[in-house]
Amino acid sequence: YMREMPRALPGIFNQIDGLSSHSYPNPAFSQPPSTTTPQSAISFRYERDLAESFSIKKLPVFITETGWTDSVGDERRAEFYKQAFETLWSDPGIVAVTPFLLRAGSGPFKQFTFLNDDDSPTKQYEAVRQLPKINGRPILGQRVLGTENVPISAPVVYFAQNAKEKERIGVTNILQN
């Protein structure tokens, strides 16, 4: 997908301000932080390198989902988080790491939860809570998007139910013009 983006929209990676990554420790959400494959918890590096190969910018990374399943055991999962934050996620290009999931309740995501059903913290919660934190201070540039303006024709997707609603929201589908 990322390789096709600049073919479809030349210069697109110069128009973004950051890269979001779901850096899960795959396969099976269970690999240790020392696993360094494009599918592991360090996958953000592969994604960032690929995006930057199409850009003139250094892109900050936001790891917006990551986590180990409870199948690795509570003690080991807590240790994996500690190791990951102290090693691979200490990369200076990372702006934020937001593990999945604070409170899952019941259902398929319960295996990732940081809070138990009674809201008591899990061992992984305690491990992350005890890590040193820094205050975030994002560096904002003069421009909102990118360092290069590239004229592009991209399709506009709208979800209006009828012509009257399309007119009300003032959106035109450029593919029909």
Side-chain angles (χ1 to χ4, degrees), residues 1-5 12-13 15-52 57-140 144-145 156-161 165 169 171:
Y1 178 81
M2 287 177 67
R3 291 183 202 284
E4 293 301 317
M5 287 174 62
I12 188 64
F13 286 103
Q15 298 299 314
I16 62 174
D17 294 320
L19 184 66
S20 176
S21 176
H22 289 187
S23 297
Y24 282 105
N26 284 312
F29 308 104
S30 62
Q31 299 305 302
S34 58
T35 301
T36 57
T37 68
Q39 294 79 36
S40 69
I42 203 166
S43 62
F44 74 90
R45 284 190 188 161
Y46 296 91
E47 295 161 355
R48 179 184 57 202
D49 290 349
L50 180 60
E52 288 180 354
K57 300 167 64 171
K58 290 279 186 205
L59 297 171
V61 175
F62 300 79
I63 298 177
T64 55
E65 284 189 25
T66 189
W68 284 266
T69 179
D70 59 5
S71 68
V72 300
D74 289 342
E75 294 290 335
R76 196 164 180 217
R77 185 165 53 163
E79 185 56 34
F80 282 175
Y81 270 105
K82 185 175 183 304
Q83 288 173 13
F85 273 104
E86 291 174 347
T87 59
L88 52 122
W89 296 337
S90 66
D91 182 299
I94 294 177
V95 175
V97 178
T98 58
F100 185 80
L101 174 73
L102 179 61
R103 182 182 297 116
S106 61
F109 302 126
K110 187 173 184 171
Q111 62 186 328
F112 295 99
T113 194
F114 271 62
L115 294 174
N116 295 308
D117 290 340
D118 64 358
D119 285 339
S120 63
T122 62
K123 289 187 179 180
Q124 68 185 10
Y125 178 101
E126 288 298 333
V128 173
R129 186 186 66 78
Q130 292 175 17
L131 292 169
K133 313 292 187 299
I134 60 169
N135 284 334
R137 288 197 161 72
I139 300 169
L140 302 175
V144 175
L145 292 174
V156 174
V157 179
Y158 54 86
F159 300 98
Q161 299 298 313
E165 188 176 345
I169 61 176
V171 175

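Not measured: the values here are computed from a predicted model.
Side-chain contact between Val61 and Val95: absent, with no pair of heavy atoms (C-beta onward) separated by less than 4.5 Å. Between Arg77 and Asp70 there is a side-chain heavy-atom pair separated by less than 4.5 Å. Here the side chains of Thr122 and Asn116 are in contact, with some heavy-atom distance below 4.5 Å. Under the 4.5 Å side-chain criterion, counting only non-hydrogen atoms from C-beta, Phe114 is not in contact with Phe100. In this structure, the side chains of Ser43 and Pro38 stay at 4.5 Å or more apart for every pair of heavy atoms. Within the 4.5 Å cutoff, the side chain of Asp74 has no heavy atoms near those of the Gln124 side chain. Met2 has its side chain within reach of Phe13: a pair of non-hydrogen atoms, C-beta onward, lies under 4.5 Å apart.
Ser20 is linked by a side chain to side chain contact (heavy atoms under 4.5 Å, CB included) to Thr64, counting only residues two or more places apart in sequence or in another chain. Asn26 meets the side chain to side chain donor-acceptor pair (under 3.5 Å) test with no other residue; sequence neighbours excluded. Every residue was checked against the salt bridge (Lys or Arg N to Asp or Glu O under 4.0 Å) condition with Lys133, not counting sequence neighbours, and none meets it. Annotation: side chain to side chain contact (heavy atoms under 4.5 Å, CB included) contacts of Arg3 (sequence neighbours excluded): Leu50. Arg45 pairs by the side chain to side chain contact (heavy atoms under 4.5 Å, CB included) definition with Ile42, Arg48, Asp91, not counting sequence neighbours. For Phe80, the ring-ring contact (aromatic ring centres under 6.0 Å, His included) partners at least two apart in sequence or on another chain are Trp68. Remark: Glu52 engages no residue in a side chain to side chain donor-acceptor pair (under 3.5 Å) (not counting sequence neighbours). Every side chain to side chain donor-acceptor pair (under 3.5 Å) that Glu126 has, sequence neighbours left out, goes to Arg129. The side chain to side chain contact (heavy atoms under 4.5 Å, CB included) search around Ala78 returns Lys123, Ala127, not counting sequence neighbours.
Side chain of Thr66 to main chain of Ser23: a donor-acceptor pair is present (N/O by atom type, distance under 3.5 Å, no hydrogens or angles). Using a distance-only test at 3.5 Å, with no hydrogens or angles considered, a donor-acceptor pair links the side chain of Thr113 to the main chain of Leu102. Panel note: side chain Ser30, backbone Pro25; no donor-acceptor pair is recorded below 3.5 Å. Not a single donor-acceptor pair under 3.5 Å links the side chain of Lys57 to the backbone N or O of Gly18.
Put simply, CG on Leu59 and CZ on Phe44 are 13.5 Å apart, with the number rounded to the nearest 0.5 Å. For the atom pair CD (Gln83) and OG (Ser34), the distance works out to 7.0 Å, reported to the nearest 0.5 Å.
Screening residues 96-108 for salt bridge (charged side-chain N to carboxylate O under 4.0 Å, His left out) gives Arg103-Asp119 as the qualifying pairs, with residues at least two apart or on separate chains. Residues in residues 30-43 take part in no salt bridge (charged side-chain N to carboxylate O under 4.0 Å, His left out) pair, two or more places apart or across chains.
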Donor-acceptor contacts, no H, no angles, side chain residues 105-112, under 3.5 Å, sequence neighbours left out:
unit_1: Lys110; atom_1: NZ; unit_2: Asp117; atom_2: OD2; d: 2.8
unit_1: Gln111; atom_1: OE1; unit_2: Thr69; atom_2: OG1; d: 2.5
unit_1: Gln111; atom_1: NE2; unit_2: Pro108; atom_2: O; d: 3.2

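When every heavy atom of Phe85 is checked against every heavy atom of Pro99, the shortest pair comes out as CZ-CG, 4.4 Å.
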Given Glu86 and Leu131, is the side chain to side chain contact (heavy atoms under 4.5 Å, CB included) satisfied, shown in steps?
CA-CA 9 Å; Glu86 291 174 347; Leu131 292 169; 3.9 Å; yes
Show the numbers, then the answer: is there a side chain to side chain donor-acceptor pair (under 3.5 Å) between Ser40 and Gln31?
CA-CA 7 Å; Ser40 69; Gln31 299 305 302; over 6 Å; no
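Crowding of Tyr125 atom OH: a count of heavy atoms from other residues, nucleotides or ligands under 6.0 Å not exceeding 12.
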